[in-house]
K.L.:
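Can you read through this structure? Questions will come right after.
What you see is a predicted model, and the numbers here were worked out from it, not measured in a lab.
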Amino acid sequence: MSSRPPVPVVPGAWPVAGHVPQLARRPLEFLKSLARYGDLVEIRLGTRSLYVATHPELARAMLVTNAHDFTRSSMVAKSLRFVGPILVATRDEPHLRQRRLMQPTFHRARLDSYVSSMAAAAEEVTASWSPGDVVAVAPAMTDVAVMTMTKSLFFSELGAEAEAVLRKVGNSILEGARIASLAPNLYRRLPISGNRFLPAVRTAITNTIEAYRADGRDHGDMLSMLMRAEDAAGNRLSDREICTEILGLAVAGIGGPAATATWALCELGRNPDIERRVHEELDTFVAGLPPTPQAVAQLTYTHQVVKETLRKYPGWAGMRRAVRATQLGEYTLPPGAEVIYSAYALQNDPRWYSDPERFDPDRWDSKQGGGKVSKGAWVPFSAGVYKCIGDAFAITETVTVIAVIASRWRLRPISGHSVREVTEATHVLPHKLRMTVEPRTAQRRQNAAV
């Protein structure tokens, strides 16, 4: 009986540091380069070995087919323990319990009730824009994401205190998550705003939960859903768990949608033909009014733009840990092995996507036979047991935000400014993207004159 082959080790490791310098300097390029060495490769972080699945079949096996052999990486739990045992950090049975209780909050049937909050957030943030303003796009979209989450959590005035506090410190909590992901063991000792604000945020959320309980009504918002969630055995989330999960939603529900909306606006600005088609669709179904759930559902091409944004600019790294000796492809991994998969590398690989560097929403046009990709090559929200619970919410949010902004404004690239991809925590962002805003009313007048 022949022995299993060893996992190929990626060359270029430095003494002591391993591949840390390559990851620190050019993480995206480094991860994309690894496929040339094999479907599963070994890299070194210092003296520690990690494995990287570079083939969709292996990524899918780890996330879905053989998911029982893997759990969340301990690094994820460490990076988010400053918030508490939130859904995106828990593992195994605690995760399954929390997921079952929280799932109704993100059920597709509930999405319609959140669209008005999403639209209102985009309108509020962009209300201060004036023609000719130069806007820092990523911070603006982060503000939109913070407001979307707070407005979706609390429909009632009873949530005004918690909403105001979360809006004020939402960016600080997100920044705290980013810092904690880099230095989980040092985070608590760092003099950063996230540490200072958390007690006040918890108090405001706890007060709101108590007010909702005293009121007794279902306000149709996320908080009401979390308070009424019940599993088959009649178990519910405690008030402390609800408070912690609201903080978790602030961490997990801001960075991703903000990054996606930022890139979508960037791509509309540098692709006039794509922008024109989005405008034509919006003029047909939205016509300058706040988008309704029915209108959002009809924005087929805008959905394709968002999906292509998620393909080209997804999160750059996810990780799982083997709970037992397991086989991945032709290789056997020991218990405790940490395995990385990169949605960014998989979704920008020419083996799975034709001309991946080109931003092409039509690749998702089902009428043209698009949208068919290898299983495991489409993982912007991960897959399997730990797939993002808010994937449909995030897509609907981004489509709605783009609909509001692109109905009223055109964001133009600044001449001479190159767009460089950078990593922040698990997200990919355009470095310091600034764009000039122009009102679409002027564009419509010009089109009418022609």
K.L.:
Could I get the full list of side chain to side chain donor-acceptor pair (under 3.5 Å) partners for Tyr51, not counting sequence neighbours?
P.N.:
none
K.L.:
Is there a side-chain contact between Val144 and Thr148 (heavy atoms, below 4.5 Å)?
P.N.:
yes
K.L.:
Is Thr309 close to Phe359 at the side-chain level, that is, under 4.5 Å between some pair of heavy atoms?
P.N.:
yes
K.L.:
Return the minimal non-hydrogen interatomic distance between His417 and Arg434, and the atom names on each side.
P.N.:
NE2-N, 4.3 Å
K.L.:
Could you work out, with side chain to side chain donor-acceptor pair (under 3.5 Å) as the rule, every residue matching Asp69, not counting sequence neighbours?
P.N.:
Arg324, Thr326
K.L.:
Any donor and acceptor pair, going by atom type alone, linking the side chain of Glu281 with main-chain N or O of Thr302 inside 3.5 Å?
P.N.:
yes
K.L.:
Cation-pi between Arg311 and Tyr353: NZ/CZ under 6.0 Å from ring centre and within 45° of the ring axis?
P.N.:
yes
K.L.:
Indicate the atoms forming the closest heavy-atom contact of Ile389 with Phe106, along with that distance.
P.N.:
O-CB, 3.5 Å
K.L.:
Can you confirm whether Thr105 sits close enough to Tyr114 that some side-chain heavy atom of one is under 4.5 Å from a side-chain heavy atom of the other?
P.N.:
yes
K.L.:
Between Trp364 (side chain only) and Val306 (backbone N and O only), is there a donor and an acceptor less than 3.5 Å apart?
P.N.:
no
K.L.:
Given Glu338, which partner from the list Arg44, Arg320, Arg48 fulfils the salt bridge (Lys or Arg N to Asp or Glu O under 4.0 Å) test?
P.N.:
Arg48
K.L.:
Quick check: do Val419 and Cys266 have side-chain heavy atoms less than 4.5 Å from each other?
P.N.:
yes
K.L.:
Begin with the C-alpha distance, continue with both residues' side-chain angles, and end with the deciding distance and a verdict on side-chain contact (heavy atoms from CB on, under 4.5 Å) for Thr142 and Ile254.
P.N.:
CA-CA 7 Å; Thr142 300; Ile254 296 174; 3.9 Å; yes
K.L.:
So how far is it from Asp39 CG to Leu34 CG, rounded to the nearest 0.5 Å?
P.N.:
12.0 Å
K.L.:
Mind checking whether Leu247 and Leu198 have side chains closer than 4.5 Å, heavy atoms only?
P.N.:
yes
K.L.:
Quick check: are there more than 12 heavy atoms from other residues, nucleotides or ligands sitting under 6.0 Å from CD of Glu421?
P.N.:
yes
K.L.:
Does NE2 belonging to His107 count more than 12 external heavy atoms closer than 6.0 Å?
P.N.:
no
K.L.:
Going by atom type alone, with no hydrogens or angles, which donor-acceptor pairs under 3.5 Å involve a side-chain atom of residues 219-228 and a protein atom two or more places apart or on another chain?
P.N.:
| from | atom 1 | to | atom 2 | distance (Å) |
| --- | --- | --- | --- | --- |
| His219 | NE2 | Asp215 | OD2 | 3.0 |
| Asp221 | OD1 | Ser224 | N | 2.9 |
| Asp221 | OD1 | Ser224 | OG | 2.8 |
| Asp221 | OD2 | Phe155 | N | 2.8 |
| Asp221 | OD2 | Tyr212 | OH | 2.6 |
| Ser224 | OG | His219 | N | 3.0 |
| Arg228 | NH2 | Gly216 | O | 3.0 |
| Arg228 | NH2 | Arg217 | O | 3.2 |

K.L.:
OH of Tyr341 to CZ of Arg60: how many Å apart, nearest 0.5 Å?
P.N.:
13.0 Å
K.L.:
Would you please test Ile242 and Glu245 for side-chain contact (heavy atoms from CB on, under 4.5 Å) and show each step?
P.N.:
CA-CA 5 Å; Ile242 293 170; Glu245 289 301 348; 5.8 Å; no
K.L.:
For the CG atom of Leu268 and the CD atom of Glu275, what is their distance to the nearest 0.5 Å?
P.N.:
6.0 Å
K.L.:
Check Ala204 against Ala162 and note the closest heavy-atom contact, atom names and distance.
P.N.:
O-CB, 3.8 Å
K.L.:
Sorted by first residue and then second, give each ring-ring contact (aromatic ring centres under 6.0 Å, His included) pair with at least one member in residues 5-24; sequence neighbours left out.
P.N.:
His19-Phe30
K.L.:
Which residues pass the salt bridge (charged side-chain N to carboxylate O under 4.0 Å, His left out) test with Arg240, sequence neighbours left out?
P.N.:
none
K.L.:
Rounded to the nearest 0.5 Å, how far apart are NZ of Lys307 and CD1 of Ile395?
P.N.:
7.5 Å
K.L.:
What distance do Trp316 atom CH2 and Leu429 atom CG have between them, rounded to the nearest 0.5 Å?
P.N.:
12.5 Å
K.L.:
Restricting to non-hydrogen atoms, name the atom on Asn348 and the atom on Tyr344 that form the minimum distance, rounded to 0.1 Å.
P.N.:
ND2-O, 2.9 Å
K.L.:
Determine whether Lys151 and Arg167 satisfy the following criterion, side-chain contact (heavy atoms from CB on, under 4.5 Å), listing intermediate values before the conclusion.
P.N.:
CA-CA 10 Å; Lys151 287 178 178 294; Arg167 284 196 194 187; 3.1 Å; yes
K.L.:
Are the side chain of Glu397 and the backbone of Val399 linked by a donor-acceptor contact shorter than 3.5 Å?
P.N.:
no
K.L.:
Which residues satisfy the side chain to side chain donor-acceptor pair (under 3.5 Å) test with Arg351, sequence neighbours excluded?
P.N.:
Asp349
K.L.:
Side chains of Met319 and Leu50, heavy atoms from C-beta outward: is any pair under 4.5 Å?
P.N.:
yes
K.L.:
Under 6.0 Å from the six-membered ring centre of Tyr301 and within 45° of its axis: does the NZ or CZ of Arg277 meet both?
P.N.:
yes
K.L.:
Contact between Ile274 and Glu267 at the side-chain level, heavy atoms closer than 4.5 Å - yes or no?
P.N.:
no
K.L.:
What pair of heavy atoms forms the shortest contact from Met435 to Val137, and how long is it?
P.N.:
CG-CG2, 3.7 Å
K.L.:
Among Arg97, Gln98, Arg236, which residue satisfies the side chain to side chain donor-acceptor pair (under 3.5 Å) criterion with Glu241?
P.N.:
Arg97
K.L.:
Strictly distance-based, threshold 3.5 Å: is any side-chain N or O of Gln347 a donor or acceptor partner for the main-chain N or O of Val379?
P.N.:
yes
K.L.:
Would you find a donor on one side and an acceptor on the other, under 3.5 Å apart, between the side chain of Thr332 and the backbone of Ala325?
P.N.:
no
K.L.:
State, with a plain yes or no, whether a side-chain heavy atom of Ile402 is found less than 4.5 Å away from one of Leu299.
P.N.:
no
K.L.:
State, to 0.1 Å, how close Val115 and Pro291 come at their nearest heavy-atom pair, and which atoms those are.
P.N.:
CG1-O, 3.6 Å
K.L.:
Please determine whether side-chain contact (heavy atoms from CB on, under 4.5 Å) holds for the pair Arg110 and Ser152, giving the CA-CA distance in whole Å, both sets of side-chain angles, and the decisive distance to 0.1 Å.
P.N.:
CA-CA 11 Å; Arg110 302 287 303 184; Ser152 300; over 6 Å; no
K.L.:
Roughly how far, to the nearest 0.5 Å, is the OG1 atom of Thr300 from the NZ atom of Lys367?
P.N.:
6.5 Å
